[in-house]
Protein chains: 2
Amino acid sequence: MNEKEARLEQNSEGAGYLPGLAMDFVIFGFDQYQLKILLLEYRNTSLFALPGGFVKENENMNDAARRVLSERTGLSDIYLDQFYTFGDLARYDQAPLRTIMQAKGMNPTDDHWLLRRFVSVGYYALIDFIKATPTPDPLSDTCVWYTLENLPELMLDHKTIVEKALETLRADLDRKLGGIDSWAAPLLAKAFTMGELQKLYETILGQKLRRSSFQRKMLSLAILERLEKQYSGGAHKAPYLYQFIMEK
Amino acid sequence: MNEKEARLEQNSEGAGYLPGLAMDFVIFGFDQYQLKILLLEYRNTSLFALPGGFVKENENMNDAARRVLSERTGLSDIYLDQFYTFGDLARYDQAPLRTIMQAKGMNPTDDHWLLRRFVSVGYYALIDFIKATPTPDPLSDTCVWYTLENLPELMLDHKTIVEKALETLRADLDRKLGGIDSWAAPLLAKAFTMGELQKLYETILGQKLRRSSFQRKMLSLAILERLEKQYSGGAHKAPYLYQFIMEK
DNA sequence: CTATATTGTCTCATTATGGAACAATAATAA
DNA sequence: TTATTATTGTTCCATAATGAGACAATATAG
C-alpha cells in the first residue's frame with residue numbers, strides 16, 4: 001500500500017468531499033482517427049471502470065470535473081460536457097469496490113465512505129490522444145485506452161454511462177462545433193483542412209460522410225475562415241486551410 | 001407551526017435522505033394554451049422558489065422525482081425529464097432559506113441540514129393544468145401558477161434553472177413526441193385534432209407555425225393514427241381525430 | 001339557404017440534400 | 001521532363017424537404 005492509498009483508507013469519512021456525490025468521466029481520445037475511451041483497470045480483480053472523482057466542499061462541481069480530468073490526463077483547457085446524472089439504487093453495490101480495496105490490502109468496514117451509496121454526475125470529454133498522459137487514480141493499477149468496439153465488461157452501470165455519453169456527443173456535434181467552446185478546436189491544429197475536420201466527424205459518428213455535402217454544410221455554418229493553401233503533404237492538389245472564427 | 005413543520009425542524013440531521021442532494025422542478029402547465037410554471041411563495045419574505053425535494057436513502061433518484069412531483073401536483077403518470085445538475089458554490093447561500101425558516105417561527109442553527117450546501121438535479125415536467133391540484137410543501141405558504149412572461153424574481157439560481165429547462169424542452173419536442181413516453185399524450189384527450197396538437201407546439205415554442213407544414217411533418221413522423229371525423233364543435237368543416245400509435 | 005370559419009389537400013417556388021462528374025494540381029514515378 | 005496518381009474545390013442535376021399560399025369541402029350559426 002503506497003502513501004496515497006494509506007491516506008485514502010485513513011480518511012474513512014471522506015472528509016473534505018461532498019458526501020454521496022461522485023462524478024464519472026467518459027474521456028474520448030482520437031488515435032489515428034480511431035475513437036477510444038480511457039478505462040481504469042484493477043489488477044487481480046478483472047474489474048474495469050470509468051475514471052471518476054469527487055467534489056470538494058468548497059469547489060464548484062464543474063470545476064471539480066476539470067480538476068479530476070486534469071489529474072487523469074494531465075490536460076487542461078479541453079472540451080467537457082455534463083450529460084446526465086445517475087441515481088439508481090442498483091448502482092449501490094458494495095461488492096466490486098470491496099473486492100478492489102481488498103485486492104489492495106485494505107480492509108474497509110461496511111460504512112467506509114467509499115462503500116456508501118453514490119449518485120454520480122456523468123461528464124464526457126474530447127481530448128487529443130497525443131497530448132494526454134493517462135494516470136491511474138490511487139486505487140487503480142493502470143489507466144489505458146480502449147477502442148469502443150473492444151470495451152471489456154465494466155463495473156456497475158458504467159456501460160450505460162458510456163452509451164448515454166456517446167449518444168449525447170453524437171447528437172450535439174453540430175450545435176457545439178463553433179464558438180469559444182468548440183469541441184473540435186482542441187483536437188485540430190490551429191489551421192486544418194476540410195478533410196481533417198471531416199475525418200473527425202466520421203470517427204465520432206462511426207460512419208462515412210459525403211465529401212461535397214460535408215463541405216457545403218460546414219461552409220454554410222459560417223464558423224470557418226479560409227486561409228491560404230499551404231499544405232504540402234501528398235501527391236495531389238493542395239487543400240485550403242481553415243481556422244475557426246472566434247467572435248470577440 | 002404545524003405538525004409537518006415541527007417534524008422538519010426536529011429532523012435537523014435530515015435523517016432518511018441522501019445528504020447534500022436536492023431536486024428542483026420546472027413544472028410546465030397548460031391553461032387555455034398559455035404556458036405556466038408552478039412556483040412556491042413564502043409569505044412575509046417576498047421570496048419565490050421552484051418546487052424541490054430530496055431523495056430517500058432507499059429510493060431511485062428518478063422515482064424520488066415522481067414522488068415529489070406527485071406530492072406537489074397530485075398527479076402521477078406524467079412526462080418527466082432530467083435535464084441538468086447544478087453544482088455551483090454560488091448556490092450555497094444560507095440567507096434566503098434562513099429568512100424563510102425564521103418567518104415560519106423556526107430558529108435553525110448554522111449546521112441545520114437544510115442550510116448546508118446542496119447540489120441540485122433539475123427535472124422538468126409537462127402537465128395538464130386542469131388535472132393538477134397545486135400543493136405547497138411544508139415550508140411554503142402557497143403554490144401558484146405563473147406565466148413565463150410574468151415570473152417574479154426567483155431565489156438562488158432558480159431563474160437559470162427555468163431557462164435551461166425551457167431550452168431543453170424546446171429542443172426535444174420532436175424527438176420525444178411519440179412512443180410510450182410521449183410528452184404530448186398526457187396533455188391531450190385520447191383522440192385529438194391536428195389543430196389541438198399544433199396549438200400545444202405553438203404554446204411551448206412561443207411562436208406560430210404554418211398549418212400545412214405542420215400537418216405534413218406530423219403525418220410524416222408515422223406516429224399518428226387517423227380516426228373517423230367526429231368533432232362537432234364549431235361552424236366549420238369537421239377535422240379528423242388522431243391518436244398516437246402505441247407500439248407493443 | 002346563406003354566410004362564415006376552419007379544415008384537408010394541392011400547387012408552386014424556393015431551398016436543401018444525395019450522388020456523381022470534372023477540371024485543377026502537388027507530389028511521385030517513369 | 002513528362003506522365004501518373006490521388007485528392008481537392010467546384011459544379012451539376014435529380015430528388016427531397018420546406019415556405020407560403022390557394023382552393024374546394026363542410027359543419028354550424030344566422
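Here is the naming used below: chain letters follow the sequence lines, and residue numbers restart at 1 for every chain. Keep in mind that what you see is a predicted model, and the values were worked out from it rather than measured.
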Selected nucleotide, minimal atom distance to [X] side chain, candidates [options]:
X: A:Pro239; options: D:dT8, C:dG8, C:dG18; result: D:dT8
X: A:Ser212; options: D:dC23, D:dT11, D:dT8; result: D:dT11
X: A:Ala238; options: D:dA22, C:dA26, D:dG21; result: C:dA26
X: A:Met194; options: D:dA6, D:dG9, C:dG8; result: D:dG9
X: A:Arg210; options: C:dG19, D:dT8, D:dA22; result: C:dG19

Could you state the atom-to-atom distance from [atom1] of [X] to [atom2] of [N] in whole Å?
X: A:Leu224; N: D:dG9; atom1: CG; atom2: P; answer: 12 Å
X: A:Leu227; N: D:dT8; atom1: CG; atom2: P; answer: 16 Å
X: B:Tyr240; N: C:dT7; atom1: OH; atom2: P; answer: 13 Å
X: B:Lys237; N: D:dT26; atom1: NZ; atom2: P; answer: 6 Å
X: B:Leu209; N: D:dG21; atom1: CG; atom2: C1'; answer: 17 Å
X: A:His236; N: D:dT10; atom1: NE2; atom2: P; answer: 16 Å
X: B:Phe214; N: D:dA17; atom1: CZ; atom2: C1'; answer: 17 Å
X: A:Met218; N: D:dT10; atom1: CE; atom2: C1'; answer: 18 Å

Q. NA contact type, B:Ser220, heavy-atom cut-off 4.0 Å: base, sugar-phosphate, or nothing?
A.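 The residue B:Ser220 makes no contact with any strand.
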Q) Under 4.0 Å between a side-chain N/O of A:Ser213 and OP1 or OP2 of C:dT17, yes or no? A)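 For C:dT17, neither OP1 nor OP2 has a side-chain N or O of A:Ser213 closer than 4.0 Å.
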Q) Phosphate oxygens OP1/OP2 of C:dT7: is one of them under 4.0 Å from a side-chain N or O of B:Gln215? A)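 No, because none of the side-chain N or O atoms of B:Gln215 sits under 4.0 Å from OP1 or OP2 of C:dT7.
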Q.
Ring centroids only, cut at 6.0 angstrom: are B:Trp183 and B:Tyr201 within range, meaning strictly under it?
A.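 B:Trp183 vs B:Tyr201: aromatic centres under 6.0 Å.
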Q. Considering residues, nucleotides and ligands other than A:Gln207, do more than 12 of their heavy atoms fall under 6.0 Å from its CD?
A.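 Atom CD in A:Gln207 is crowded, with more than 12 foreign heavy atoms closer than 6.0 Å.
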Q) Is it true that atom CG of B:Asn150 has more than 12 heavy atoms of other residues, nucleotides or ligands lying nearer than 6.0 Å? A)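 Counting neighbours around CG of B:Asn150, more than 12 heavy atoms of other residues, nucleotides or ligands fall under 6.0 Å, so yes.
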Q: Please report the closest heavy-atom contact between B:Leu187 and B:Leu200, naming both atoms and the distance.
A: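 Shortest heavy-atom separation between B:Leu187 and B:Leu200 comes out as CB-CD1, 4.0 Å.
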**Q.** Pair A:Arg91 + A:Asp24: basic N to acidic O under 4.0 Å
**A.**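 Here A:Arg91 pairs with A:Asp24 in a salt bridge, since their nearest N and O are under 4.0 Å apart.
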Q. Between B:Arg216 and B:Gly195, which is nearer to the 5' end of DNA chain C once each is assigned its nearest nucleotide?
A.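 It is B:Gly195 whose nearest nucleotide is closer to the 5' end.
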Q) Mapping B:Arg211 and B:Lys217 onto DNA chain D by nearest heavy atom, which one lands closer to the 5' end? A)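 In this pair, the answer is B:Lys217.
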